[in-house]
Amino acid sequence: MAIVNQCVTSIEDKNMIHFIVNEHSRSGKGVRVWRQIEALLKKEEEPYRIWRTEYVGHATKLAKEISNLDEKEIKLVVVGGDGTINEVVNGIADFGKIRFGIIPTGSGNDCARGLGISGKPEELLLRILESNGNQSIDLGKVSWQENDRINSRVFMISSGVGMDALVCKKAMTSRIKKVLNRIGLGKLTYLIITVQSILSMQTANTRVIIDRERKTLYKNHIFSAVMNFRAEGGGVPMAPAADAKDGLLSVCTIHGIPKLCTFFVLPFLVTAKHERFHGVKIENCRTCEFVMDTPLVLHTDGEYCGEVTQVEFECLPNRLKLLI
């Protein structure tokens, strides 16, 4: 049973708001943001509960416990970065009764960017308090096999295999990220690590099946980014036209390009002009499956999942209702 760190219930005719807070996000920014939010909650006499994360994966357990509460409608707000948000959505047991809000405190904040969330924490809280929670967005789901067991995770921003996933894996333990976070430049982490990783990255020959019908073979498959939002990795617009409300995923694939030539693609990738290059393809689909002849790194919302030779992605339309 998770410990509820604080509970304020002075106004019984209002719905309780549950906050999952990662106080350690962005080198301690999370705790400073929470103090601002809590002060405003008390001023507005809003009943709330705070659930503090204590370790990696804890937010998933907290979200499961919260979503199993005997309440018809549950307002659940995450104060944290993209990794914490991903953990929370993977813990939600009943999406039908959850109304989901975000107050971002991470370094990349691709989730907030994709939802158009910006402003000071107090401003974001007031918008959440005023929201009716009727807007909904798609989620993505990724499934893969590991040791004779099928694993799956949902994602809000993106999932993918290859170089972009390798960059996410390295960023999780990168000293560069910690330094850049301290000076407010954390989103540059992914670009720097990408440049460092190009020559050492693994490629594969990959068979791709789109919507269980169209089949393609990608030789020298560098990466595929399966996007629900338009950008990942601190704002890199992998799929500039992606829409989290259209019931589709947008798949950006780069293949058949020599490693050295990848350097020339990067500036165009950052400026959303990469589709003009031969070997770059963006297509929309409901499902896609990748079968590789060499294991490639897999990520979901920037979180490392393992190395896989077969993986499947699908769109979950209108799955998450938002407090925005």
Side-chain angles (χ1 to χ4, degrees), residues 82-83 86 108-111 113-114 138-144 153-172 187 189-191 193-195 197-198 201-204 206 208-210 216 218 220-244 246 248-257 259 262 265-277 279-292 295-308 310-315:
D82 293 333
N86 179 265
N109 291 328
D110 287 303
C111 191
R113 184 181 296 104
D138 308 333
L139 294 177
K141 180 181 178 182
V142 56
S143 303
W144 71 99
R153 290 187 68 83
V154 297
F155 57 91
M156 288 189 69
I157 307 162
S158 67
S159 183
V161 291
M163 187 180 71
D164 74 322
L166 175 63
V167 170
C168 292
K169 177 184 177 182
K170 290 183 176 181
M172 292 176 67
K187 66 181 182 180
T189 302
Y190 301 95
L191 182 58
I193 296 177
T194 296
V195 173
S197 302
I198 285 176
M201 66 183 174
Q202 181 69 58
T203 63
T206 302
V208 184
I209 305 171
I210 300 294
T216 307
Y218 291 141
N220 189 26
H221 181 202
I222 296 173
F223 75 83
S224 287
V226 182
M227 307 295 297
N228 190 37
F229 295 163
R230 68 185 300 272
E232 65 173 13
V236 179
M238 292 288 189
D243 183 351
D246 64 0
L248 299 170
L249 298 171
S250 293
V251 185
C252 174
T253 296
I254 296 183
H255 67 97
I257 300 176
K259 291 182 179 180
T262 309
V265 179
L266 280 177
F268 294 90
L269 184 63
V270 173
T271 56
K273 298 178 180 178
H274 51 295
E275 198 171 4
R276 66 179 65 180
F277 281 86
V280 178
K281 186 174 184 179
I282 300 177
E283 56 188 328
N284 294 334
C285 61
R286 293 180 176 84
T287 67
C288 57
E289 182 180 356
F290 296 84
V291 181
M292 286 80 69
L296 295 182
V297 179
L298 171 68
H299 84 91
T300 56
D301 287 343
E303 302 299 303
Y304 173 68
C305 295
E307 308 206 7
V308 300
Q310 185 169 353
V311 61
E312 184 172 354
F313 304 89
E314 64 177 303
C315 183

Discussion item. I'd like to check Thr262 versus Met201 (side-chain heavy atoms, cut-off strictly below 4.5 Å). Are they in contact?
Written reply: yes
Item to complete: Give the intermediate values and the outcome of side-chain contact (heavy atoms from CB on, under 4.5 Å) for residues Leu248 and Arg286.
Response: CA-CA 5 Å; Leu248 299 170; Arg286 293 180 176 84; 3.6 Å; yes
Item to complete: Look up atom CZ in Arg153 and atom CG in Leu139, then write down how far apart they are to the nearest 0.5 Å.
Response: 12.5 Å
Worksheet item: Who are the side-chain hydrogen bond (donor to acceptor under 3.5 Å, both in side chains) partners of Lys170, not counting sequence neighbours?
Response: Ser197
Item to complete: Test side-chain contact (heavy atoms from CB on, under 4.5 Å) on Ile198 and Leu266 and set out the steps.
Response: CA-CA 10 Å; Ile198 285 176; Leu266 280 177; 3.6 Å; yes
Item to complete: Would you kindly say whether Ser159 and Thr300 are connected by a side-chain donor-acceptor distance under 3.5 Å?
Response: no
Item to complete: Please round to the nearest 0.5 Å and tell me the distance separating atom OG1 of Thr216 and atom NZ of Lys281.
Response: 4.5 Å
Worksheet entry | Backbone N/O of Lys169 and side chain of His299: donor-acceptor pair under 3.5 Å | no
Item to complete: Return the minimal non-hydrogen interatomic distance between Leu249 and Gly140, and the atom names on each side.
Response: CD2-CA, 4.3 Å
Worksheet entry | Beyond-backbone contact of Ile282 with His274, side-chain heavy atoms, under 4.5 angstrom | yes
Item to complete: Work out which heavy atom in Val311 is nearest to a heavy atom in Val308; give both atom names and the distance.
Response: CB-CG2, 4.2 Å
Practice prompt. Working to the nearest 0.5 Å, report the span between CD of Glu289 and CD of Gln310.
Written response: 5.0 Å
Worksheet item: Do Asp301 side-chain atoms and Phe155 backbone N/O form a donor-acceptor pair below 3.5 Å?
Response: no
Fill in: Main-chain N/O of Gly235 paired to Asp110 side chain as donor or acceptor, under 3.5 Å
yes
Worksheet entry | Audit row: His221, Leu296, side-chain contact (heavy atoms from CB on, under 4.5 Å) steps and yes/no | CA-CA 10 Å; His221 181 202; Leu296 295 182; 4.2 Å; yes
Worksheet item: Distance-only, no hydrogens or angles: does the Asp138 side chain make a donor-acceptor pair with backbone N or O of Cys315 under 3.5 Å?
Response: no
Worksheet entry | Minimum heavy-atom distance Gly160-Phe313, with the two atoms named | N-CE2, 4.1 Å
Practice prompt. Considering non-hydrogen atoms only, spot the tightest contact between Glu303 and Gly83 and give its length.
Written response: OE2-CA, 3.4 Å
Response to the item:
For Val154 and Asn86, the nearest pair of non-hydrogen atoms, with its separation, is O-ND2, 3.2 Å
Fill in: CD on Glu314 to SG on Cys285, rounded to 0.5 Å
10.5 Å
Worksheet item: Do you know which two heavy atoms are closest between Asn228 and Met156, and how far apart they sit?
Response: ND2-O, 2.9 Å
Practice prompt. State the OG-CZ distance between Ser158 and Arg230, to the nearest 0.5 angstrom.
Written response: 13.0 Å
Practice prompt. Check step by step if side-chain contact (heavy atoms from CB on, under 4.5 Å) holds for Thr253 and Glu283.
Written response: CA-CA 9 Å; Thr253 296; Glu283 56 188 328; 5.7 Å; no
Discussion item. Using 0.5 Å steps for rounding, measure from the CG atom of Leu298 to the OH atom of Tyr304.
Written reply: 9.0 Å
